[in-house]
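Working notes for the structure below.
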Amino acid sequence: MRVNGGFLQIRRGDAPPRLLPLTGDRLVGGRSPDIEIVFESDTVSRNHMELVKDEAGDWWVRDLRSRNGTLVNGARITAHRLSYGDKIQIEDYVLTYIKSPHEPVPSRLSSPTENIGRLTLVEGTIGPVRSLRELGAPKIDASQLSRLIALSGQLLATEDPGDRLRLLCELMVAADLHGTAAIALRAERHGEAEPVLLRPPALLKASAEAPHISRTVLRAILQSGAPVVASTSDGGKDLLKLSVVIRAMSAIAVPIGGDDHHLDILYVALPSNYGTAEWLALVALAGELFRQAESTWSAREAAEAQAVLEEELGRARDIQTRLVPSDFSAGSIEIGFGYEACKWVGGDYVDALRLPSGQVLIAVMDVCGKGLEAALIAAGLHTTVHVLVYEGLGLAPLVRSLNRYLCATLPPGSFVTMCAMVLDPTTGAIEQVNCGHPPPIVIDPRGGLREIETFEHAPLGFLDVEEELVVTRDRLARDHLLALYTDGLSELLDERDQMLGVEGLGAMLTALVRGGRADTATRAAGRLRELLADYRGLAVPADDASFVIVLRPTPQVARTGPYQVFKPGAPR
């Protein structure tokens, strides 16, 4: 099984955690027994949330309109891009996003710098290296716990990571913790490189030299990943090298961060009589408080970055939505629009512009890809089409100019499908050019369906050659409905991953006409959006979905829809 993007560690209360590899592109979580992540709780919705991997390889969590909501790092979300360490809460379940099954809290400490100093390591016989499990239950004094609680508050109030590390090390050499030196270092988990200092050592005596570091202790903590202590009382000369003072003949090492390749360690030297379970527990608890503070700061900064990202994406979505025209009438035709991006922004472009001749240019385009890159291309298409129309270019020259522009500007492997037509409101005459796009559909007043015949050219931006454009002709009769659409409609998936298809889309349009829901273009477009949403259900759209509905009603029929009537040259 190929793993894309790490794991979820799933916890519920005191039960042992389980590990879920993030595979594929989509995982649904909820109470339903036939989905990927099952939460056994009556308060969880059947389809509660989902995890979706975007084209950049990032995982997003999205709430599926659940009854009680989905939280990320304590905040209720609709959609959230996951970062390492994020915690998703579904009722009493907590899902933590991690990159590997045994990965610790990621280190947020600065990289080592050259001017801090160097470490001296020795192979001294420091005595047996033991963990808390081997030493038994410790007893911790209330005053010492108070110091640790105060440390936690200081760490959560200190923004600079280097200052937080300084506070931790300085506490270790405070009078009531009896350390003689405290060193923060970074060691390779599986390499031969020497450990390096993360900050200057904290020393009990400012004039003292930094202690030597026991390789034995380092090997023990790197192997176990757990806090360890070693001490002696035999006064051996090798042991004295471990400390700046002769009394310091114990060493405690606890993990304070790291990643797949490195482990960040707090190394504390103490007199030999403090190499006990109590002191190991104290230093280990201080290290755990430090790790929790780093995780909190990471979550806080991730939330701030997420808020900025969502604000920027919201602005981009608002700008792109404003580029979609409002429903309008021109002469004896009515035009309604539908546009939905599968992400914050999308790569579809729909438009209709009245030409100086009184005809209307209608264009539907679909940029290969999704997300920001496709959205930027779509916005560029909007600008380019409007400029070319205002320059007076006809249909074929406009398409050729678009192709030249896209061949010169699109990234490698990208292209744009397009269906563009010029429609005469008076006669219903249609001239059309199709470049790799689904053909338009026409529904007659009795519900009969046909596709407009097209000559399919290569998508725009695909071939940098001047091929001869074939302009096909058709006619939109009175009281017929014309629909242009992107393949996000015909390829729409429901909750069972069943595709709507062209036949399903045609059936929806036929139902609109037969059911009398197509008396205005606005009403038809609104009802089609509802039908598409009902079909999709709780499934998240996999592609942008856009369409244009055109009606050419019989003149005698009064129209009362919310239309703007545009005159030539009037701003829109």
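Heavy atoms only: backbone and side chains are in, while hydrogens, waters and symmetry mates are out. Bear in mind the structure is a predicted one, so any value in this text is a computation, not a measurement.
Between Trp279 and Leu270, the closest heavy-atom pair is CD1-CD2, 3.2 Å. When all heavy atoms are compared, the tightest approach of Ala521 to Ile549 is CB-O, 4.1 Å. Annotation for Ser546 and Val350: closest pair CB-CG1, 3.6 Å, computed over non-hydrogen atoms. Nearest heavy atom pair, residue His48 against residue Ser66, reads NE2-OG, 3.3 Å. Among all heavy-atom pairs drawn from Ala157 and Trp297, the shortest one is C-CZ2, 4.2 Å. When every heavy atom of Ser414 is checked against every heavy atom of Val367, the shortest pair comes out as OG-CG1, 4.4 Å.
Without hydrogens or angle criteria, Asp494 side chain to Gln498 main chain gives a donor-acceptor distance under 3.5 Å. Checked by atom type and distance alone, the side chain of Arg189 pairs as donor or acceptor with a backbone atom of Asp259 at under 3.5 Å. Between the side chain of Asn73 and the backbone N or O of Lys87, at least one donor-acceptor pair lies under 3.5 Å. Within the 3.5 Å criterion, the main-chain N or O of Ile256 finds no donor-acceptor partner in the side chain of Asp264. Judged by distance alone, the side chain of Glu495 and the main-chain N or O of Gly537 form no donor-acceptor pair under 3.5 Å. Counting only distance, with no hydrogens or angles, the side chain of Asn47 and the backbone of Ser32 share no donor-acceptor pair below 3.5 Å. At distances below 3.5 Å, not a single donor-acceptor pair connects side-chain atoms of Gln89 with backbone N or O atoms of Leu71.
Neither side chain, His80 nor Asp63, offers a donor N or O lying under 3.5 Å from an acceptor on the other. Of the N and O atoms on the side chains of Thr486 and Asp348, at least one donor lies less than 3.5 Å from an acceptor on the other residue. There is a side-chain donor-acceptor pair under 3.5 Å between Tyr339 and Gln320. With hydrogens and angles left out, the side-chain atoms of Thr522 and Asp327 include a donor and acceptor closer than 3.5 Å. Remark: the Tyr349 side chain and the Asp351 side chain contain an N/O donor-acceptor pair separated by less than 3.5 Å. Donor-acceptor pairing under 3.5 Å is lacking for the side chains of Ser41 and Glu91.
A 4.5 Å side-chain heavy-atom check between Cys342 and Asp544 finds at least one atom pair inside the cut-off. Using a 4.5 Å heavy-atom threshold, the side chains of His437 and Leu484 count as separate. Proximity of Pro411 to Ile377: side-chain heavy atoms (C-beta onward) are separated by under 4.5 Å at one or more points. Between Ile252 and Val228 the shortest side-chain heavy-atom distance does not fall below 4.5 Å. Taking the side chain as every heavy atom from C-beta outward, Pro255 and Ile221 approach each other to under 4.5 Å. A heavy-atom distance below 4.5 Å is found between the side chains of Ile213 and Ile183. Counting heavy atoms from C-beta on, the side chains of Asp487 and Ser490 come closer than 4.5 Å. Contact annotation: the side chain of Leu500 approaches that of Met508 to within less than 4.5 Å [non-hydrogen atoms, C-beta and beyond].
The local environment of CG in Asp42 is sparse, with at most 12 non-hydrogen atoms from other residues, nucleotides or ligands closer than 6.0 Å. More than 12 heavy atoms of other residues, nucleotides or ligands sit less than 6.0 Å from atom CD of Glu288. Counting non-hydrogen atoms of other residues, nucleotides and ligands closer than 6.0 Å to CZ of Arg300 gives a total above 12. Residue Glu188 places its CD atom among more than 12 non-hydrogen atoms of other residues, nucleotides or ligands, all under 6.0 Å distant. Enclosure of atom CZ in Arg67 by more than 12 non-hydrogen atoms of other residues, nucleotides or ligands within 6.0 angstrom is indicated. Within 6.0 Å of CZ in Phe39 there are more than 12 heavy atoms belonging to other residues, nucleotides or ligands.
Taking the charged nitrogens against the carboxylate oxygens, Glu294 and Arg291 have no contact shorter than 4.0 Å, which rules out a salt bridge. Under a 4.0 Å N-O distance rule, the pair Glu340/Arg536 qualifies as a salt bridge. In summary, Asp58 and Lys53 do not engage in a salt bridge, as defined by a charged side-chain N under 4.0 Å from a carboxylate O.
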For this session: Report the C-alpha distance between Thr417 and Leu460 in whole Å, list the side-chain angles of each, state the deciding distance to 0.1 Å, and finish with yes or no for side-chain contact (heavy atoms from CB on, under 4.5 Å).
Result: CA-CA 6 Å; Thr417 68; Leu460 300 177; over 6 Å; no

For this session: Show the numbers, then the answer: is there a side-chain contact (heavy atoms from CB on, under 4.5 Å) between Leu512 and Leu531?
Result: CA-CA 10 Å; Leu512 291 179; Leu531 291 174; 4.0 Å; yes

Exercise. Between Arg164 and Asp160, is a salt bridge (charged side-chain N to carboxylate O under 4.0 Å, His left out) present by the stated rule, with each step listed?
Worked result: CA-CA 6 Å; Arg164 294 196 294 271; Asp160 183 77; over 6 Å; no

Exercise. Does the pair Leu22 and Phe7 meet the rule for a side-chain contact (heavy atoms from CB on, under 4.5 Å), with working shown?
Worked result: CA-CA 5 Å; Leu22 295 179; Phe7 298 79; 5.8 Å; no

For this session: Begin with the C-alpha distance, continue with both residues' side-chain angles, and end with the deciding distance and a verdict on side-chain contact (heavy atoms from CB on, under 4.5 Å) for Arg12 and Glu40.
Result: CA-CA 10 Å; Arg12 188 187 193 191; Glu40 298 175 349; 4.3 Å; yes

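Using bins of under 30°, 30° to 60° and over 60° for the plane-to-plane angle, the ring pair Phe328/Phe337 lands in the parallel bin.
Summarising the geometry, atom CG belonging to Leu505 is positioned 9.5 Å from atom CG belonging to Leu492; distances are rounded to the nearest 0.5 Å. Distance check: Trp59 CH2 to Ile88 CD1 gives 10.5 Å after rounding to the nearest 0.5 Å. The line from CH2 of Trp60 to CG of Leu82 is 9.5 Å long, rounded to the nearest 0.5 Å. The line from CZ of Phe290 to CG of Leu148 is 14.0 Å long, rounded to the nearest 0.5 Å. The CD1 atom of Ile37 sits 5.5 Å away from atom CD1 of Ile10, with the distance rounded to the nearest 0.5 Å. Distance check: Met365 CE to Leu406 CG gives 8.0 Å after rounding to the nearest 0.5 Å.
When each of Ile90, Asp92, Thr96 is paired with Val94, the side chain to side chain contact (heavy atoms under 4.5 Å, CB included) condition holds for Thr96 and for no other.
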